[in-house]
Amino acid sequence: MEKKYVLIVDDDPDMVETVGLMLESKGYEVGKAYDGIEGEESIRKRAPDLLVLDVMMPRKNGYVLCAELKKNKDTRDIPIILLTAVGEAVPTTTYSHADGMATEADDYIPKPVDTQSLLEAIERLS
Amino acid sequence: MSRIRLGGIKVLENRAYVSSLCRNTDALEDICSGLAAHRINMGLVAYAAPIGTGESMTAVSARSATSLTSFVHPDAGRVGCAWNVIEAVCRISVFPHDKRPDVTAALIGSLNDGGVKPHGFASSPSAITVVISSRDLHAAMERVFDAFSFPACESYREWQSASRAQEGTGPEVRCRYHEDVIHVYDLSRLDGLDLWNVALPLDLLGDFGKALLDLGQSRIEMSFLVSGPSTGEGGINFAFCLAAEHRDKATQIFHEKIQDRDLSRLGPVLVLFLHGPHFGDRYGIADALASCLRNSGISPLALSCVMSSISLVIKASDAAQTIKALSTSFQTPAPNL
């Protein structure tokens, strides 16, 4: 059976590494990108079966990329899981839980995320 | 020589760097507790026990020189420790290294070519970070972009433009929350390793880089690396992990490139990796680690806290006790390690 391809887009390279290793151990093929623009270019080259998308990133944040992908007929069906640290965890952030819920993402997981919950969401959506 | 294509580069400026060399003791606990007490975010911590040089090395880099140096009191500190404070440094991180020694080799080579003297290095599971003096940033970055290319910026000039464009456009993530038991995304281990230690004068740094390049060409993975000052004017001390199965090949390479200079090896060891969240943007993480190890009577052989992860090198025989000890301060999703 062909492996499901999951693209992880996060500017925390250790987070990308951690989630990538976890998914590879579960039989997924993993793509990696480290900001919104690079993620966008990666999707253009190869559409993933699922996108794990951080919100706070340089060049293009996850909310903007998510909105663009959901407006585009070629990419709107790609399931997207948004990850971000919001609210009490990061008092200085301008992003809120409401912002996340207002996107068209298929799931929204606030950081600190339980990796088991993330894996369950990926398995459910991919 | 073709450039190595990596995923990204991060530069943090306006940082300070404090290092200590201690004989018959170490400053890890003092430094970690000082960082926590002053609510200084972790930034970078590098530690190597005195397995080769006879001296332990602890180094830390954080934002505020004033805060960072406020807990460095030579009179109050441990007897036998020599401290060094550098108030204007920056940290350059490139990623992912994918455990390739040739990535670190290219970084070392680029600095060496640019005449830049590094103060120290530290690896995370994904990144290799170097600390340099702020005055060397321009020369270092020119050379780094000769050695590497990145999707977001092909040249140093592009990187400068992108950095200027981003200034003030987004909030910096600075977490201030405290957890009695720190949540960890992931705890993983890598077994079957040797911990190598080498102290070099800086004029042999290029040769050490060539040794790492040979290791990379031999497909020998390097899962951990820290460095800091060593005894002697301008010396540098490296501690790093290689798979024990490649011991003979690695020995041959180091003999060829640096003539076994002050080289020592300890094994079997393993590395435990603890990842985030936001370890690099929070205070108290390194102190929680040092405290739980001390309370359990475990002596770390080496560690790095950088980016958003901790990499901890211990004797293989300490594995079960260490994982149990970590569970008192860290809530991990992998209790069956």
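Keep in mind it's a predicted model, so treat the numbers as computed, not measured. Convention: sequence-line order gives letters A, B, ...; per-chain numbering from 1.
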**Student:** Under 4.5 Å from any heavy atom of chain B, what part of A:M22 do you find: side chain, backbone, both or neither?
**Tutor:**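 A:M22 has no heavy atom closer than 4.5 Å to chain B.
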
**Student:** If you count heavy atoms of other groups shown closer than 6.0 angstrom to NZ of A:K4, is the number above 12?
**Tutor:**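 Not buried by this count: 12 neighbours or fewer within 6.0 Å.
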
**Student:** Who wins among B:A152, B:A127, B:P96 for the most heavy-atom pairs under 4.5 Å with chain A?
**Tutor:** B:A152

**Student:** Any chance you could measure A:D12, atom CG, to B:Y185, atom OH, to the nearest 0.5 Å?
**Tutor:** 8.0 Å

**Student:** For A:E38 versus B:G7, what's the shortest heavy-atom pair and its separation?
**Tutor:** OE1-O, 3.6 Å

**Student:** Is it the case that atom CZ in A:R124 sees more than 12 heavy atoms from other parts of the structure closer than 6.0 Å?
**Tutor:**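 Check passes, neighbour count above 12.
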
**Student:** Heavy-atom cut-off 4.5 Å, strictly under: side chain, backbone, both or neither for B:V94 against chain A?
**Tutor:**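 Contact with chain A: none, neither part.
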
**Student:** Does any N or O in the side chain of A:D14 come within less than 3.5 Å of the main-chain N or O of B:S308, such that one atom is a donor and the other an acceptor?
**Tutor:** yes

**Student:** Identify the heavy atoms of A:E17 and B:D98 that sit nearest to each other, and give their distance.
**Tutor:**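 A:E17 and B:D98 have their closest heavy atoms at OE1-OD1, 4.3 Å.
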
